[in-house]
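As structure tokens, the structure follows; a few thoughts come after it.
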Amino acid sequence: MAKGIRDKVAIIGMGCSRFGERWDAGPDDLMLEAFQECIQDAGIAKTDIQAGWMGVFFDEQSVGKSALPLSMALRLPNIPVTRVENLCATGTEALRGAVYAVAAGACDIAIAMGVEKLKDTGFGGLPERTKGTFEDLWLPQNTAPGGFAQLGAAYAARTRTDMADLKRAMAHISVKSHANGALNPKAHLRNPITEQQVLDARMVAYPLGLFDCAGVSDGAACAIVTTPEIAKSLGKHNPVTVKALQLAPSNGVELAHGSWDGSYTLTTRIAAKRAYEEAGIKDPRAELSLIEVHDCFSVTELVVMEDLGLSPEGGAVADVMDGFFDRDGKIPCQIDGGLKCFGHPIGATGLRMVYEIYLQLQGRAGERQLPDPRFGLTHNLGGLPNRNITSVAIIGRLEG
Amino acid sequence: MTQHPIGITGFGAYIPRLRLSRKAMAVALDWLDPNLAAQGKGERAMANWDEDSLTMAVEAARDLLTARALCPDRLVFASTTLPFQDRSNAGLITDALGLGETTRPADATGSLRAATSALLAALEQSGTTLLTAGDRRLARPGSVQDFTYGHGAAAVTVGSGPGVIAEFLGGHSLFRDLVDHYRAEGEIADYVLEERWARDEGYLKIVPAVVQGALAKAGIGADQVDHFILPGTQAKIQVTLAAKLGLRPDSVVDPLAATVGDTGAAHPLLMLADILGRTAPGRIVLLVGYGQGADAILLRTTPALADFIPATGVAGWLARRQSEDRYLKHLSFSGMVDIHFGMRAEHDKRTAHTVAYRKRDMVNGLTGGRCGSCGCVQFPRTRACVNPACGAFNTQTPVRLADEPAAVKTFTEDWLGFTPCPPLAYGNVQFANGANVMMEFTDIQAGQLSVGLPVRLVFRLKDDDEKRGFRRYFWKATPAVATTV
């Protein structure tokens with residue numbers, strides 16, 4: 001019987017480029033920027049890496065298909081490199097590949113790299129793309145905000161929340177993330193904002209205004225992973241380890257079965273439950289020290305607090321307004337600014353979240369360091385509420 | 001009366017919801033021609049950006065078929081604005097209506113009397129015909145036609161037996177190549193000649209000849225006609241002709257100029273649907289279609305008329321309306337101005353026709369699947385049941401969703417995504433039979449959508465692939481009970 005991934009793999013090095021509108025950098029530059037920090041942090045040589053996983057979502061945009069962009073950008077010595085793509089869970093999927101390879105004993109040291117170069121389209125927002133030859137014949141040509149915006153009215157209807165109250169809670173989420181992002185030198189958006197600014201912003205997709213939406217950013221993030229034994233041999237005592245790494249894709253229920261009411265993300269509930277079990281977490285609300293969730297839009301952050309089992313059903317608005325997820329709250333959320341302000345280069349995002357947890361667990365998060373964190377959770381939600389992929393990772397330190 | 005009279009067995013109509021104020025049009029054009037102010041009375045029906053002659057003809061046919069379902073031998077689509085010159089437009093309508101492959105489709109076009117000629121042909125043969133006519137004629141900005149034209153559709157079924165609501169008494173046709181207007185291949189708008197010549201040499205000579213021919217064939221006196229239907233936008237043309245023909249003044253049917261405008265090939269049938277919706281049994285109807293000659297058709301309503309009520313009907317469609325006073329919007333919908341929609345509008349809308357063919361019943365007819373194992377209704381129909389408690393393979397049979405009751409489950413109004421008429425509204429729609437489909441909303445007002453709002457499904461234009469001259473259709477949801485503004 002499989003026992004899961006807990007404590008089988010250690011993270012010995014991480015790197016993250018500055019996120020933002022990187023007019024100065026292409027995907028190869030961004031990957032190298034993240035890698036230089038990562039390899040130095042790991043304290044190994046490039047030639048010690050035996051396999052690589054590279055995650056990029058919009059491959060045709062500027063990065064290109066296959067794993068060649070990573071192999072070429074880093075001039076890797078012809079080691080096996082695999083390209084993965086799983087919507088907004090792409091970065092975490094790359095990490096999963098590297099972690100599983102080490103856990104399997106197929107290699108000692110592996111790298112996971114996520115990258116996205118979004119700002120070469122010439123227009124704001126995410127690039128346009130086809131949904132598939134059949135899907136284009138019937139699904140609306142929706143945008144990302146329009147996809148997630150639908151959670152708003154459905155959540156308000158289910159929980160009997162007044163839309164004005166929901167909008168205020170959504171605004172609180174964005175204000176909090178901007179305040180956090182302001183303390184992060186690598187973040188895309190570093191300007192504090194007010195609740196009134198959020199509420200007064202122009203509508204993007206009802207009920208989401210401009211400040212309810214994450215930044216569209218360029219960036220790269222990476223991790224080098226190995227066994228806890230090798231980590232210790234490299235002088236990394238109590239190394240950061242992967243406690244859980246779970247993935248749950250939709251199977252069509254939300255899209256085509258009447259049982260889903262549109263107000264929550266079904267796969268988050270499934271992936272979270274599995275992740276807590278894998279990590280041995282019984283009471284996530286009490287045990288988690290910090291979380292990085294997929295706040296592509298403020299309303300997404302709000303509803304997934306319930307899907308992750310952190311807020312009671314219908315209780316997310318109260319928790320948010322009580323400051324439960326603020327930097328000085330019980331479970332700080334998006335302490336690095338989140339997708340909202342650190343930015344959202346899609347392929348890099350999952351690894352960026354792990355990067356923040358990794359720094360926090362080692363007390364290396366600078367101005368935004370939290371006191372004595374123990375477990376951090378990362379969550380990605382790729383796709384739309386009715387057709388998506390959730391990844392949940394739980395990161396801690398090897399104890400004893 | 002014969003034992004098995006042939007005649008009309010049902011009727012339906014469709015008038016798009018937007019009604020463009022002619023006063024607003026005249027104001028927008030006052031710099032061009034102050035005399036256009038005389039045209040600034042009433043309003044004209046204006047198709048939404050996602051409506052064309054074909055989608056309107058589908059709605060008119062559904063208005064009829066909802067009241068009395070049937071699977072006709074033939075489906076004829078009459079229009080001078082067919083979306084395709086080589087692809088069966090009528091065939092696409094049979095798919096949208098879910099009629100199956102044995103209903104023979106045919107397009108009737110080439111003249112404003114395409115519908116009346118097709119109606120005469122249907123009345124003169126055995127079997128059942130569904131005739132639906134729709135027109136979305138464009139006119140140049142500043143032309144009188146832009147004021148007088150309207151968009152709309154109407155449908156009738158023809159057959160025999162006790163279901164006949166208007167018995168065919170006789171008909172007459174004349175062809176005369178009088179070119180008072182025309183539209184050549186590749187042209188978007190009509191070229192129109194002098195009104196006085198069109199009236200004196202055309203209407204006032206051709207209509208009397210064809211009407212007298214029909215009356216003689218049917219053995220009916222002019223004063224016996226209860227309802228005289230003649231489309232035409234010229235002032236008092238119907239009244240003038242009634243007097244000239246000896247028809248009773250009260251027989252003249254309102255051409256709907258003040259509320260709809262002239263809907264081209266559809267207009268004779270639209271006026272017929274209007275009168276059949278409010279007349280009594282035993283009345284004689286004279287229906288005239290005009291265009292390079294004319295058709296005249298005499299009908300007598302039967303007691304069965306009282307049993308036929310279209311789902312919405314002309315009166316219902318007239319009441320379902322939204323005032324529109326933005327002439328620029330009309331010009332953009334008509335393609336007369338090239339509005340800047342931003343780079344997102346550049347998204348390639350190429351169709352994979354092999355896929356469209358494989359999935360044609362799902363896309364054209366909104367047909368999903370019902371699992372034979374658990375009964376779960378789902379869209380799209382696939383090889384594996386979506387019910388998490390079932391998941392059976394190869395169990396689904398087709399089930400049409402287009403006519404099922406449904407309600408809004410989730411929604412948004414998206415100002416970022418491209419649509420010719422922002423915002424792009426879409427969301428998940430929950431069907432009463434359990435199916436869920438994410439789809440676009442159309443014909444809505446800002447703020448009208450809410451969770452649980454009942455909707456009905458309508459066949460609309462999904463995308464226009466301008467690069468390849470192809471347009472895609474799919475179903476959208478619209479509020480079931482339209483508010484009137």
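Every heavy atom of this structure was used, including side-chain atoms; hydrogens, water molecules and symmetry mates were not. Quick caveat, the model's predicted, so the values are computed rather than measured.
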Review point. What option among Phe474(B), Phe418(B), Tyr426(B), Tyr473(B) has the most heavy-atom pairs under 4.5 Å with chain A?
Key: Tyr426(B)

Exercise for review: Would you please go through residues 351-370 of chain B and name the residues with a non-hydrogen atom below 4.5 Å from one of chain A, in numerical order?
Suggested key: Thr351(B), Ala352(B), Val355(B), Ala356(B), Lys359(B), Met362(B), Val363(B)

Practice item. Name the region of Arg472(B), side chain, backbone, both or neither, that has any atom closer than 4.5 Å to a heavy atom of chain A. Key: side chain

Review point. Judged by atom type as modelled, is there a donor-acceptor pair below 3.5 Å linking the side chain of Asn436(B) to the main-chain atoms of His257(A)?
Key: no

Check your understanding: Hey, is CD on Glu21(A) packed in by over 12 heavy atoms from elsewhere, all under 6.0 Å?
Key -> yes

Review point. What residue in Leu208(A), Leu137(A), Asp261(A) has the most heavy-atom pairs under 4.5 Å with chain B?
Key: Leu137(A)

Exercise for review: Heavy-atom pairs under 4.5 Å with chain B are the metric here; pick the option from Gly262(A), Pro140(A), Ala154(A), Ala205(A) that has the most.
Suggested key: Pro140(A)

Exercise for review: Measure distances from Glu440(B) to the heavy atoms of chain A and classify the residue's part below 4.5 Å as side chain, backbone, both or neither.
Suggested key: both

Exercise for review: Give, for atom CD of Gln141(A) and atom CZ of Arg344(B), the distance between the pair rounded to the nearest 0.5 Å.
Suggested key: 9.5 Å

Exercise for review: Answer whether the closest heavy-atom distance between the side chains of Leu384(A) and Met438(B) falls below 4.5 Å.
Suggested key: yes

Check your understanding: Taking Tyr206(A), Phe123(A), Phe134(A), Tyr155(A) one by one, which has the highest count of heavy-atom pairs under 4.5 Å against chain B?
Key -> Phe134(A)

Exercise for review: Measure distances from Leu210(A) to the heavy atoms of chain B and classify the residue's part below 4.5 Å as side chain, backbone, both or neither.
Suggested key: neither

Review point. Checking heavy atoms, do the side chain of Val451(B), its backbone, both or neither come under 4.5 Å from chain A?
Key: side chain

Review point. Just wondering, more than 12 heavy atoms not from Arg160(A) lying within 6.0 Å of its CZ?
Key: no

Exercise for review: Give a yes or no answer on whether the side chain of Lys462(B) reaches the backbone of Leu139(A) with a donor-acceptor pair at less than 3.5 Å.
Suggested key: yes

**Study point:** Engaged part of Ala256(A) at the chain B interface, taking heavy atoms whose separation is under 4.5 Å
**Key:** both

Check your understanding: Would you say Asp162(A) has more than 12 foreign heavy atoms packed within less than 6.0 Å of its CG?
Key -> yes

Check your understanding: Got Thr121(A) and Met343(B) here, is their nearest side-chain heavy-atom distance under 4.5 Å?
Key -> no

Review point. Side-chain contact, heavy-atom cut-off 4.5 Å: Trp475(B) with Trp138(A)?
Key: no

Point to revise | Lys329(B) atom NZ: more than 12 heavy-atom contacts under 6.0 Å | key: yes

Practice item. Determine the option with the most heavy-atom pairs under 4.5 angstrom with chain A, choosing from Thr419(B), Asn433(B), Leu416(B). Key: Leu416(B)

Revision key, fill the gap. If you tally heavy-atom pairs under 4.5 Å between each of Gly452(B), Gly434(B), Pro388(B) and chain A, the highest tally belongs to Pro388(B)

Practice item. Select one option (side chain, backbone, both, neither) describing which atoms of Arg129(A) are under 4.5 Å from chain B's heavy atoms. Key: backbone

Check your understanding: Which residue out of Leu424(B), Asn387(B), Asp463(B) racks up the most heavy-atom pairs below 4.5 Å with chain A?
Key -> Asn387(B)

Check your understanding: Atom CG of Asp414(B) and atom CE of Met203(A): how far apart are they, to the nearest 0.5 Å?
Key -> 11.5 Å

**Study point:** Options Gln378(B), Arg350(B), Glu413(B), ranked by heavy-atom pairs under 4.5 Å with chain A, top entry
**Key:** Glu413(B)

Check your understanding: What are the residues of residues 396-411 of chain B, in order of number, with any heavy atom under 4.5 angstrom from a heavy atom of chain A?
Key -> Lys409(B), Thr410(B), Phe411(B)

Practice item. Give a yes or no on whether Glu277(A) atom CD has more than 12 heavy-atom contacts from other residues, nucleotides or ligands under 6.0 Å away. Key: no

Review point. When you check the side-chain N and O atoms of Asn428(B) and Gln150(A), is any donor under 3.5 Å from an acceptor?
Key: yes

Point to revise | Choice from Gly391(B), Pro380(B), Gly417(B) maximising heavy atom contacts with chain A below 4.5 Å | key: Pro380(B)

